[in-house]
Chemist: 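Take this structure first; my questions come after.
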Amino acid sequence: MRIGVYLDTILVPLSLFITIGYHAYLCHSIKNKPSRTTFGLNKLRRTSWGLNLNQGDDKKNMLTVQSMRNTLMEAIFIASITILINMALAALSNNAYSARHSVFTSKFFGSKSDNIITLKYGSASLCLVLSFLFSSMAIGFLIDANFLMNTHGEFLSWNYTQTILERGFTFALIGSRFFCVSVPLMLWMLGPVTVFLASLGLVCLLHEFDFVSKVSNLAINNVSI
């Protein structure tokens, strides 16, 4: 029992530290060096969408609408699947007491106390609920931005429309990241070792999507020059 408690005490906080530290570094990079991150580059591209709308370029306008539609569909999908997974966790938690004594008997699965079991399901459920909330707000902002993009030339300036648009994309990113963080926490039911390994794999995978390689960044800078 003590070995399981030690594994939960060491590996789970270490996994959270790795995940939170990575996203803190990502936020710092987006703020200070946006050209190194995918989100920063997309944000720079979105600032030129207003010029495309004012110039009446139909091809670029279509690309703008498609980009918004893809992000909107992603937010809708994440908001829907988080509710389903949260309901499944609630149903699974009812059978957790019997399962922990009949199935999860090895020390590899960590502590099997009532407090740890509650913390496992509670932390995963909290991340899923936050993912649903941020994804829902992203859907609202993106729909509002889609409406404002069609009327900003008559009633509103592009600055206000761009603010609403950026909030939608930002909330969509936050919602997707809470969903990604909830995956290792759900694997906590299989033991703290799986949480640690899943967190390492998650950070490595997200790094490939979040940061632009040096070769690609050099090519972008040459094109912009």
Side-chain angles (χ1 to χ4, degrees), residues 1-31 37-39 74-75 77-138 170-211:
M1 180 64 69
R2 291 184 178 180
I3 296 178
V5 174
Y6 291 153
L7 289 176
D8 285 322
T9 305
I10 297 174
L11 293 181
V12 175
L14 182 60
S15 302
L16 294 177
F17 176 78
I18 293 174
T19 305
I20 295 174
Y22 167 76
H23 285 93
Y25 173 70
L26 176 62
C27 294
H28 180 269
S29 299
I30 292 175
K31 182 178 180 180
T37 63
T38 304
F39 184 82
E74 177 186 357
F77 174 76
I78 292 178
S80 301
I81 197 172
T82 49
I83 289 299
L84 295 177
I85 295 177
N86 204 8
M87 293 175 61
L89 282 178
L92 186 62
S93 63
N94 294 328
N95 300 324
Y97 181 80
S98 59
R100 66 176 180 174
H101 292 288
S102 60
V103 179
F104 305 119
T105 58
S106 176
K107 296 179 180 179
F108 174 81
F109 296 107
S111 176
K112 295 180 286 293
S113 63
D114 294 335
N115 294 331
I116 296 297
I117 293 296
T118 303
L119 183 60
K120 289 180 180 181
Y121 291 100
S123 58
S125 179
L126 178 61
C127 287
L128 290 173
V129 170
L130 290 176
S131 176
F132 171 78
L133 292 177
F134 280 104
S135 298
S136 300
M137 288 188 292
T170 303
F171 284 142
L173 177 65
I174 297 174
S176 64
R177 291 314 162 91
F178 270 113
F179 176 74
C180 292
V181 172
S182 67
V183 174
L185 292 177
M186 286 186 290
L187 293 177
W188 193 5
M189 292 179 291
L190 301 178
V193 178
T194 57
V195 180
F196 180 72
L197 295 178
S199 298
L200 290 179
L202 177 64
V203 169
C204 294
L205 181 62
L206 292 178
H207 186 273
E208 295 295 326
F209 289 100
D210 291 334
F211 289 91

Chemist: Could you grab the distance from atom CD1 of Ile10 to atom OG of Ser15, nearest 0.5 Å is fine?
Modeler: 11.5 Å
Chemist: Kindly give the heavy-atom pair with the smallest separation between Ala79 and Ser136, and that separation in Å.
Modeler: CB-OG, 4.4 Å
Chemist: Please report the interatomic distance CZ(Arg177) to OG1(Thr19), rounded to the nearest 0.5 Å.
Modeler: 11.0 Å
Chemist: Could you check if a side-chain atom of Asp210 sits within less than 4.5 angstrom of a side-chain atom of Tyr22, using non-hydrogen atoms only?
Modeler: yes
Chemist: Please lay out, stage by stage, how Phe39 and Leu26 fare under the test side chain to side chain contact (heavy atoms under 4.5 Å, CB included).
Modeler: CA-CA 10 Å; Phe39 184 82; Leu26 176 62; over 6 Å; no
Chemist: Any chance you could measure Leu197, atom CG, to Leu190, atom CG, to the nearest 0.5 Å?
Modeler: 11.5 Å
Chemist: Please round to the nearest 0.5 Å and tell me the distance separating atom CG of Leu16 and atom CZ of Phe196.
Modeler: 12.0 Å
Chemist: Going by heavy atoms in the side chains, are Trp188 and Ser123 under 4.5 Å from each other?
Modeler: yes
Chemist: For Tyr25 and Phe211: C-alpha separation, side-chain torsions, deciding distance, then whether ring pair (Phe, Tyr, Trp, His ring centres under 6.0 Å) applies.
Modeler: CA-CA 11 Å; Tyr25 173 70; Phe211 289 91; 5.4 Å; yes
Chemist: Apply the test side chain to side chain contact (heavy atoms under 4.5 Å, CB included) to residues Cys127 and Leu185: give CA-CA distance (whole Å), side-chain angles for both, the deciding distance (0.1 Å), then the verdict.
Modeler: CA-CA 9 Å; Cys127 287; Leu185 292 177; 3.6 Å; yes
Chemist: Do the side chains of Phe179 and Ile85 get nearer than 4.5 Å, heavy atoms only?
Modeler: yes
Chemist: What heavy-atom pair brings Ser182 and Ala124 nearest, and what distance separates the two atoms?
Modeler: CB-O, 4.2 Å
Chemist: How many angstroms lie between atom NE2 of His23 and atom CD1 of Ile174, to the nearest 0.5 angstrom?
Modeler: 10.0 Å
Chemist: Do the non-hydrogen side-chain atoms of Leu200 and Ile18 ever get within less than 4.5 Å of each other?
Modeler: yes
Chemist: Which atom names give the shortest non-hydrogen contact between Val129 and Asn86, and what distance separates them?
Modeler: CG2-ND2, 3.3 Å
Chemist: To the nearest 0.5 Å, how far apart are CG in Leu202 and CG in Leu187?
Modeler: 10.5 Å
Chemist: What's the shortest heavy-atom distance between Pro184 and Val181, and which atoms?
Modeler: CD-O, 3.1 Å
Chemist: Go through the steps to decide whether Leu89 and Leu128 satisfy the test side chain to side chain contact (heavy atoms under 4.5 Å, CB included), and finish with yes or no.
Modeler: CA-CA 10 Å; Leu89 282 178; Leu128 290 173; 3.6 Å; yes
Chemist: Restricting to non-hydrogen atoms, name the atom on Ser29 and the atom on Thr37 that form the minimum distance, rounded to 0.1 Å.
Modeler: CB-CG2, 3.7 Å
Chemist: Are the side chain of Ser131 and the backbone N or O of Ser176 linked by a donor-acceptor pair below 3.5 Å?
Modeler: no
Chemist: If you apply the rule side chain to side chain contact (heavy atoms under 4.5 Å, CB included), what do you find for Phe134 with Thr170, and how did you get there?
Modeler: CA-CA 9 Å; Phe134 280 104; Thr170 303; over 6 Å; no
